[in-house]
Amino acid sequence: MTLKEVQEQIIDEFEIYEDWMDKYNYLIELSQDLPVLDSKYKTSEYLIEGCQSKVWLYAKMDGNIIRYTAESDAIITKGIVALLIRVMSGRSAEEIKDANLFFIDRIGLKDNLSPTRANGLFSMVKQMKLYALAYFAKQQKS
Amino acid sequence: MTLKEVQEQIIDEFEIYEDWMDKYNYLIELSQDLPVLDSKYKTSEYLIEGCQSKVWLYAKMDGNIIRYTAESDAIITKGIVALLIRVMSGRSAEEIKDANLFFIDRIGLKDNLSPTRANGLFSMVKQMKLYALAYFAKQQKS
Amino acid sequence: MFDVQKIRSDFPALDQQVYGKPLVYFDNGATTLKPKVVIDTLQEIYSKRNSNVHRGIHYLSLRMTEEYEEARKRVRKFINARSEKEIIFTNGTTASINTISSTFGEEFVKEGDEILISAMEHHSNIVPWQILAQRKAAILKVIPMNDQGEIVMEKLDELMHEGIRILALNHVSNALGTINPVKEIIQKAHERNIPVLLDGAQAIPHGDVDVQDLDCDFYAFSGHKVYGPNGIGVLYGKEEWLEKLPPWQGGGDMVEKVSFEKTSFAELPLKFEAGTANYPAAIGMAKALDYIDALGKDQIAAYEKELLDYATLKLSAIDGLKIFGAAANKISIVSFLLEGIHQEDTGMVLDKMGLALRTGTHCAEPVMTRFGISGTVRASMVFYNTKEEIDKLYEGLIKLRQMFR
Amino acid sequence: MFDVQKIRSDFPALDQQVYGKPLVYFDNGATTLKPKVVIDTLQEIYSKRNSNVHRGIHYLSLRMTEEYEEARKRVRKFINARSEKEIIFTNGTTASINTISSTFGEEFVKEGDEILISAMEHHSNIVPWQILAQRKAAILKVIPMNDQGEIVMEKLDELMHEGIRILALNHVSNALGTINPVKEIIQKAHERNIPVLLDGAQAIPHGDVDVQDLDCDFYAFSGHKVYGPNGIGVLYGKEEWLEKLPPWQGGGDMVEKVSFEKTSFAELPLKFEAGTANYPAAIGMAKALDYIDALGKDQIAAYEKELLDYATLKLSAIDGLKIFGAAANKISIVSFLLEGIHQEDTGMVLDKMGLALRTGTHCAEPVMTRFGISGTVRASMVFYNTKEEIDKLYEGLIKLRQMFR
Ligand SMILES: Cc1ncc(COP(=O)(O)O)c(C=O)c1O
Ligand SMILES: Cc1ncc(COP(=O)(O)O)c(C=O)c1O
C-alpha cells in the first residue's frame, strides 16, 4: 500500500466512530498492539520531550527502507504513535521525508499534532522526517 | 473678608462667564495684576516644579499673618496663582493650613489643581499650606 | 444566599459548549473568566475614553489619568496598603517578582548571601531567584514540604538565619492549593530581619488579603487570575523598601528630569512604572475587585470551601484516585492522578466531555519531583462553579477509568 | 481613493464631543484610537474564547494558543522577519528596549565600553542605557542633531568606532517627526561590527518597515501606538542574536525544565516571554495590523504626507509660530511654539476648543534642551485626521494669539 492508501484506510477505520470516546477507545486499542520498544532505547538519547507525555523513537535502516519503533508513557499518545508508525515505517527515506500526513487532520487529531500543543507528537513526526532526511542524504552521497 | 467670603466673591465673578474662553480671558487679565516676584526668589529654592509650567512661591510672616508672592512662566497658571494668593495671602497660619479651597471646583478649575494633572499648581497649594503649618508649629512652641 | 446561577449569568464565557457539551471550566488557576462588567469596561474605554495618561493636559488624557489613579486607590483598599505609593502596576505576578529580584537583588544581595524559597513555588517564584543567585554568586535554599504539601515549620526554623537576604514564598500553592501560614512565617523572618515577598497570584482571588496585617514586605499578583484583564498585575511594597530600591526598567513616566549627564527618577509609585501604562487593564481589574467585594470575600471563601469539600469527598471515592495536597488549610484546588493513567490521557478524555482541566506540572515542576510524579490533573474551582459540575467531573472520571482498564 | 469619512466611522472614539465641541484628536503620537475590529476582538475573546495559552490541552486553551501564535505570525509578516522565533511579545516598546539593555548589556557590555544613542531619543531609549552604563561603568555617547532635527551624519562617522558595543536609535523621532536614514546608519554600524537597535514606536504606524531590508539587529514597538490594545509590544531580534542572549525575566513559559539544581530555558521566542502572555492584546494588535494592511501602508503614508504638508503650510503662516523639526524626511508630526506663549497655555486653550494636542517635553527632554525650550505643542496626525481638523487647529491658534497678545 502506498503512504496515501494507508492513510485512507485509517480514515475509513475512523469514519465509523462518531463520538470522540469511540475514537479514543480505538486509539487505546491500537496502543496495545504497538510492539514494545527495547528498553535499551528508552533513554534520553531517543527521548522526544513534550510538556506532558514522553515519546521514545528509534529508527533503523533495513536495506532501502526505514523501520521505526516507538513508545510513549501516555496511552492515547501511544495509540497515535502506533498510527504514525503504521503509516511511515517500512518506507523509503525519500517517501518519508516528503510525507504529507493528511490523515491526522481527517481523523480529528490535528490538535494533538499541532506545534502549539506542547507535547511530543509534533516533535515525533519532525524527528521521523529528520531521520529520513539524514538517511536520504547519506544515500545520495554514496 | 473671611476665607469663605473671598472664595464666594470669586465664584460670583466667574459666574458671568459662560464660556471657557471668557474664563481664560479673565485669568489672563488677573495674571497681569499679580505683583512681580522679586527676581532673587526666582531660584530653584522657591521653585515648584510640575511637568509643564513652573511656579515660584515665596512666603513671609508679617506679624501673625502670612504673605505670599508668586510667579509662573505660564499665563493661565499665573492667573490661577493670583486667585490662590488673593484667597490665602494675608491670613493666619492656622486659617491657611486648614483652608478648604472650594472655589477651585466651583469655577471649573479642578483639573488644573488635581494631583493627576502633572503641573505645579497642586504642589503650590500643598506648599502654601506647608509654610502655614511650619509657621503654626513655630507659633505653638513659642 | 450565594446565588450561583445569577453569578454565572455575569460571566458570558460560561455559557458555551465545547464538542457539543456544555463547558465545565475548572482551569481557573491558570486564568479566570471575566464578568461582563470587566469586558464592558474595556470596551467602553477603547470606544470612548481612551487616551494616554499622566502627561497630557487635554480632556481625555486628564479623565483617563484620573480613572487610572482611581484604579490604584481601589487596589490599595483591596489589599489594605497604607498608601497608593505602595501600589505599583506591573504586567503580572511574574513581572512583579522579577522587579524585586532585580532591584532588591541588585541593591542588597551579595556573594555568599542566601535566598530562601519553598519547595512548592511556581516557576515564577523560582527562576528569577535562580537567575539572581547565579549573577551574584548567592545561594538558593529551599524550605521542604511534607507529604500533605505543607511547609515543614521546624525545617524553616533551622534554615532561617541572618545570612538570608530575602524569603520569597507563595501565599497559596497553585499546584496543591495549600494556604501557607504566612503571617507566622513573616513574623519569624522579621525576627531575623529577613524581608518577605509573597507570591499572591493564587491567594488574592480566594479570600481576604491584608498586607498590613500580614506585614509582608512585598506582595505580587496578576489581574487575569482575579477576574480582570490580561497584561496587568500588582506589586505591593512597603514604602520604606520601595524608596530604598533602584528603579528597574528605564523609560517614560518613571523619570523626573532627563539629561544625558544626569537623570533623576520620579517619586513612587511611578518610579517603577516605565513606559505607557496598561491603564485600560488596570481600570478593568479595579472593576473586577469591585465585583468581588460586592459578592463578599467571606461569602466567596465559604462557598469555595464547600466546593472543595464536596469535590474532595466525591473524587476520593473513586477507586485508584490519589489527591496531591492535603493541607489542613487549602483553597478550592484538587490536584490528582488516577492510578495507571497518565495525566495527559485523563485531560484529553475529560476535554472531550466538555471538562476543561489543566494537566501537567502546573509550572511547579519541583513539586512534581517532590512527589515522584510527572504531573497531575488539576481542577481549580471558583465561585461560579457548582456541585453539579463536580458531579460531571466525577462521572467523567468513572467513565474514563472504564476506558483505560 | 482614500475614504477618510468611511475610515473615521471605524473608530468609535472619534465620534464624540468634549466641552460641547467635536473632538479633534491630534495626540496620536501618545496613543492611537482603536478601530472597532480591535475593540470587538478583545470583547469576543473575553466573552467567549478566553483561556490561558501554551500548557493547556483542553479545547479553549488549544484554540487560544493557536490564535496567539497566529498573531505572532502576523507580526512576523508585517515587519518581514525571517521567522516567528524572532518575534518576542513584550508589553511595549519600553519593555522591549529594556529587555535588550538588560540582556545584551549583561552579556556584552563591559567597563569602558561605549553605548551610542542619538540626541533625539525618547526617554525609553535613553534611560535604560544610562542605567546599563552606570551598572557596567560604560560610557554613553550621543550623536548630535542639526537645527532641522536631523542626525549629523559626519559626527556619526566620527563617533562610530570599534569600542562601541551597541547603537540604539529611534527610527522616527516622536518629538520632531524626523525619519532617520536608518538603513544607511545600520550599514555604517555593521561595517564596524556594531549591532543596532531601532526604537520603532513612531515608525511602525506610519509606513512600511522591513527588518530584513533594514538589516537592524533589534526592533522595538508598541501595540497601543499602532491602533492595537495597551499592554502589548514587540521585540524583534535577529535569531543569531537572541540565541546568544541570556533570558531576562524568569517565570512560567520561558523554561524547559526546572529543578532547584538546574533550570534550562525554553527555545525562542518563549525564552523571552516569562509569565502569562497578554494573548488577548497580541491578537487584538494582529487585527490592527490587518486593518492597516487593508488600508494599504503606502496609501496611509501618502495621505499622512498630505496632512503634514497641509499642516506645515497652514501653521507656518501664523505670525510668531515656530515649528521644531524640519527634517526633509518626516512623519505627520508638527511640533511648535507660539512666540511668547507657554505651551501649557496653548494646550489648555486648545483643549477647551475640543482640540487634543500634547504639550510638554514629549518624554524627550534632551530634545527640548537642545533647542533651548521647555517644551512644545505637538500635533501628531494619522490617517483618520482631516484637513478640516487642521483648519480648526489653525483657527484655534489664531484666536489664541488674540487672547494672549
Ligand atoms: C519614540 C518612542 N520610543 C518609545 C516610546 C515608549 O513607548 P511605550 O510607552 O509604549 O513603551 C514612545 C512612546 O511614547 C516613543 O514615541
Ligand atoms: C502561584 C503562582 N505564582 C505566579 C504565577 C505567575 O503568574 P503570571 O503568569 O500571571 O505572571 C502563577 C500563575 O500561573 C501562580 O499560580
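Only a predicted model underlies this, so the values are computations on that prediction, with no experimental measurement involved. By convention in this document, chain letters (A, B, ...) are assigned in the order of the sequence lines, proteins followed by strands, and residues within each chain are numbered from 1.
Between chain D and the options Pro247(C), Ser51(C), Gly92(C), Ala281(C), heavy-atom pairs under 4.5 Å are most frequent for Ser51(C). In terms of heavy-atom pairs under 4.5 angstrom with chain D, the leader among Asp40(C), Leu42(C), Leu60(C) is Leu60(C). Contact tally against chain C (heavy-atom pairs below 4.5 Å) for Arg135(D), Lys225(D), Met254(D), Gln134(D): the top residue is Arg135(D). Chain C forms the most heavy-atom pairs under 4.5 Å with one residue out of Gly251(D), Gly347(D), Pro35(D), Gly354(D), and that residue is Gly251(D). Across Arg49(D), Lys352(D), Glu106(D), Lys36(D), the residue that shares the most heavy-atom pairs under 4.5 angstrom with chain C is Glu106(D). Each of Leu355(D), Thr276(D), Thr359(D) has some count of heavy-atom pairs under 4.5 Å with chain C, and the biggest count is that of Thr276(D). When the candidates Ala364(C), Gly252(C), Cys363(C) are compared by the number of heavy-atom contacts under 4.5 Å with chain D, Gly252(C) comes out ahead. Between chain C and the options Pro246(D), Ala274(D), Gly233(D), heavy-atom pairs under 4.5 Å are most frequent for Ala274(D). Between chain D and the residues Thr369(C), Ile126(C), Leu140(C), the largest count of heavy-atom pairs under 4.5 Å involves Ile126(C). Most heavy-atom pairs under 4.5 Å with chain D, from the set Val255(C), Val127(C), Asn230(C), Thr94(C): that is Asn230(C). Most heavy-atom pairs under 4.5 Å with chain D: of the set Pro229(C), Gly275(C), Ser47(C), this distinction falls to Ser47(C).
Taking every heavy atom of both residues into account, Gly250(C) and Pro128(D) meet most closely at O-CG, 3.4 Å. In terms of heavy atoms, Phe260(C) sits closest to Gln130(D) at O-NE2, 3.4 Å. Considering every non-hydrogen atom in both Val258(D) and Glu365(C), the closest pair reads N-OE1, 3.0 Å.
Interface remark: Leu14(C) contributes no atoms to any contact with chain D (heavy atom separation under 4.5 Å). Using a 4.5 Å cut-off between heavy atoms, Pro366(C) contacts chain D through both its backbone and its side chain. The contact between Ser61(C) and chain D is made entirely by side chain atoms (from C-beta outward), counting heavy-atom distances below 4.5 Å. Of the atoms belonging to Met368(C), not a single heavy atom falls under 4.5 Å from chain D. Heavy atoms of Glu121(C) lying under 4.5 Å from chain D are absent altogether. Interface remark: Ile117(D) contributes side-chain atoms only to the contact with chain C (heavy atom separation under 4.5 Å). At a 4.5 Å heavy-atom cutoff, Val38(C) makes no contact with chain D through either its backbone or its side chain. In this structure, no portion of Ile97(D) lies under 4.5 Å from any heavy atom of chain C.
Applying the ring pair (Phe, Tyr, Trp, His ring centres under 6.0 Å) rule to Tyr59(D) yields the partners Tyr19(C); only residues at least two apart in sequence or on another chain are considered.
Annotation: the span from Gln249(C) atom CD to Ser124(D) atom OG amounts to 9.0 Å, rounded to 0.5 Å. Taking NE2 from His58(D) and CZ from Phe26(C), the interatomic distance works out to 12.0 Å, rounded to the nearest 0.5 Å. One distance of note links OG of Ser259(D) with CZ of Arg370(C); it measures 15.5 Å at 0.5 Å rounding. Here CD of Gln43(D) is found 14.5 Å from NZ of Lys34(C). Values are rounded to the nearest 0.5 Å. The distance from the CZ atom of Phe11(D) to the CG atom of Asn50(C) is 11.5 Å, given to the nearest 0.5 Å.
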Quick one: do Ile57(D) and Asp351(C) satisfy side chain to side chain contact (heavy atoms under 4.5 Å, CB included)? Show the steps, please.
CA-CA 8 Å; Ile57(D) 57 170; Asp351(C) 172 43; over 6 Å; no
Step by step, would you call Asn52(D) with Arg358(C) a side chain to side chain contact (heavy atoms under 4.5 Å, CB included)?
CA-CA 10 Å; Asn52(D) 209 335; Arg358(C) 190 128 301 219; 4.0 Å; yes
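The aromatic rings of Trp248(C) and Trp248(D) sit parallel to each other, their planes meeting at less than 30°, with 60° as the upper class boundary.
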